[in-house]
Amino acid sequence: MNRWQNLWRYIPLVGLMLLLSGCGSDTLSALRPRGPVARDQLFLMELSLGIMVLVTVIVFAIYIYVLVRFRKKKGDKDIIPKQVEGSHVLEIIWTVVPIILLLILAVPTVSYTVKLAENHIGNKDAVHVKVTAHQFWWQFEYPELGISTAQDLVIPKGKKIAFEITSADVLHAFWVPSLAGKQDTNPGMTNTMYFEADDAAVFMGKCAELCGASHALMDFKVISKTEADFTKWVDKMKAPATISADARNGEQVFKDNCLACHAVSPEGLGMGPNLNGFASREMIAGVLPRIDKDGKDVSDAKLHEWISNPQSVKPGNKMPAFGPTGSKPLQDQQINDVIKYLNALK
Ligand code: CUA
C-alpha cells in the first residue's frame, strides 16, 4: 500500500468525527451546564482533561525531541552513548511532578464529591421529589406538596431539588445532562442526589442505562419555572379537572378500562403513569410530539395510535393494546371518547 492509500483509510474516521461533533443541543449537553451542579462537574472534567493534555503534550514533545536529536545518522559509528540510569535529579523530578499533579486533581475532586453528595432532603429551602423509573416511563412524586406526576418533571428555578431515586422494575439511570450527572435507579434501593436550574427553561432528560427494548425512548423533560409559575402549577395540579358534558362518555370508558393502572388524582400512583394534568404534557407517551413539523396539533391522532397499539410506539412497554386486534379491544368510538376525556385533563 502506498502512502496515499494509507491516508485514504482515515477519511471515514475524519468524517465520523465531523459528524459527531455536531451532536448535542443546548438542553441536552453536559458541556453546556445550566445549573451549579452541572457547572461544578464540568469544572472537574476540564481540570482532569487539562492535566491529561498537559502531560501528554510534554511527554510526546520529549519523546519526539529524543527520537530526532539522538537517532543514528549516516556515518555514525556503533557506539553506546553515556548512560544516565540512577540519576537522582531525574528520579526526583519524575516522582515529585506526578505527585503534585495528583494533588491538584485530588483536592478539588474530593471536596466537590463531598459537596455534591450532600443530602438536601428535609432542607426547608429545597423541593423534595421522589423519582421512580419504570419500563419505560418516569414517575415524579412531591411528597410535601401532595402531588405526583409522570414524564414532565416541573421544578422551580434557582432552588435545590432534592431527589430520592429508585426503580419499580429493572436498572435504569436518571440523567439530565444540562443539570447534573446521571444517577442509577436500582430496584429495592434508594439513591439521593440534587440539582438546581439557573433559569426557567425546558431541559431534556434521558434514561442512561440499557433497560430493555425501548430504553432509547425512555425520555422525560425537566420544566423549570419561576417560583410564582411553579406555585401556580402546583395549585392547578391539585384542582379537579373540569370535565365537560361531551367528555363524560370517555370518563366512563376510562374508569372501566384504564383506571386500574392510571390514576387521575393529584396524589395517585399506579402501574402506569398518573394522567392528572395529562393534556398539559408536551409529549404523548413521552415520545410522540403533540405538534408536528408543520406546527399542526396532532394530539388526537397520536393518542389514537398510542392507545390502539402501544407496542408499535414503545416496544416492550406494559400497556395493553386497545385497538381492534389488541388484547383489550375497544370500539373506535370508545377510543375517541377516551381521547376527548384525556384532552380535558389540563
Ligand atoms: Cu430505562 Cu434505559
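Both ligands and their constituent atoms are indexed starting at 1 by order of listing.
- The cationic group of Arg290 lies under 6.0 Å from the six-membered ring centre of Phe278 and within 45° of the ring axis, placing it in a cation-pi geometry.
- In this structure, Asp229 pairs ionically with Lys232, as a charged nitrogen and a carboxylate oxygen lie closer than 4.0 Å.
- Following chains of ILVMFWY side-chain contacts shorter than 4.5 Å, one can reach Leu342 starting from Val313, so the two form part of one hydrophobic cluster.
- A donor-acceptor pair under 3.5 Å is absent between the side-chain atoms of Ser214 and the main chain of Leu217, judged by distance alone.
- Legend: protein N/O/S atoms lying under 2.8 Å from atom 1 (Cu) of ligand 1, waters omitted, number 4.
- Taking a cutoff of 4.0 Å between a charged side-chain nitrogen and a carboxylate oxygen, Arg34 and Asp26 do not qualify as a salt bridge.
- Test Ile165, Thr192, Val176 against Gln183 for side chain to side chain contact (heavy atoms under 4.5 Å, CB included) and you get one pass: Ile165.
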